[in-house]
Amino acid sequence: MTVQIDRDRNYSTLSLVSPIPPPEDIRLDRAIRLGVMASGSGTNFEALAQAIDNRELNAQIPVLIYNNPEAKVKEKAKKWNVPAILLDHRIYKRREDLDRVIIEVFQQNQVEWIVMAGWMRIITSVLLDAFPNRVINIHPSLLPSFKGVRAIEQALESKVKITGCTVHLASLEVDSGPIIMQAAVPILPNDTPETLHARIQIQEHKIFPIAIALAAKQFGFQ
Ligand code: GAR
């Protein structure tokens, strides 16, 4: 039996998010200090800044680290008055050398949690040991599926019908570690990597601030 898909029809979509905790379970007693790292356009950084501004997330971002001189995130940091520091990975011989400088910057800024908001570099045990259980990552797939780069293309190529995004505590293995929150995003018949990524990002922006508060409550000193 062949299944006909009418490509001109408007598909209605469902999305499913990990249970959203009641507000009292994610209300933080004091503003936690987030050190954000980003490599690209910075829409997740901006979603966090907006959630802080809206008082949905009790936090401060004392500093942003970015690694690509042209990354749009630096303009977003300027807009939100967050000091942005360029640490270009190309000038460091070893990943550990970059991580040591990251630690220095974050410690100077009394950062408590590291948030990888589209950080496209592999981190090492040097960074994880300095911030044990304090490094949070967001990834555009329903982990453990589609780890690594090209997560969205991998999902499209695999022909799954549902993908999504995951916020998790980072561990040494790329895109692994305890999962904090996930949101599902249906794949539509005509999706391209761009259209699918845009819908995944809508969900990323919703779950990221909630997941950070949840992590601070569950794994932190709140
Ligand atoms: C996000 O979709 C994030 O999930 C992904 O990079 C994008 C950054 O977008 N991260 C990874 O792929 C990490 N493996 P943004 O710069 O607009 O926030």
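Just follow the structure's listing: the first ligand is 1, and inside any ligand the first atom is 1. In this text the structure is predicted, and so the values were computed from the model without any measurement.
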Are side-chain N/O atoms of Q182 and T166 paired as donor and acceptor at under 3.5 Å? yes

Under 3.5 Å side-chain donor-acceptor pair for N68 and S39: no

Can you measure from CD1 (I207) to CE (M181) and round to the nearest 0.5 angstrom?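 I207 CD1 to M181 CE: 5.5 Å, rounded to 0.5 Å.
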
About how many Å separate CD of E194 and CD1 of I152, when rounded to the nearest 0.5 Å? 9.0 Å

Which residues pass the side-chain hydrogen bond (donor to acceptor under 3.5 Å, both in side chains) test with Q154, not counting sequence neighbours?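 Partners of Q154 under the side-chain hydrogen bond (donor to acceptor under 3.5 Å, both in side chains) test: none.
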
Checking side-chain contact (heavy atoms from CB on, under 4.5 Å) between E96 and each of I123, V126, L127, which is the one that passes?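 It is V126, the one option of I123, V126, L127 that forms the side-chain contact (heavy atoms from CB on, under 4.5 Å) with E96.
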
Under a strict 4.0 Å criterion on non-hydrogen atoms, which protein residues are in contact with ligand 1?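 Lining ligand 1: G40, S41, G42, T43, N44, G118, M120, I138, H139, P140, D175, H197, Q201, E204.
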
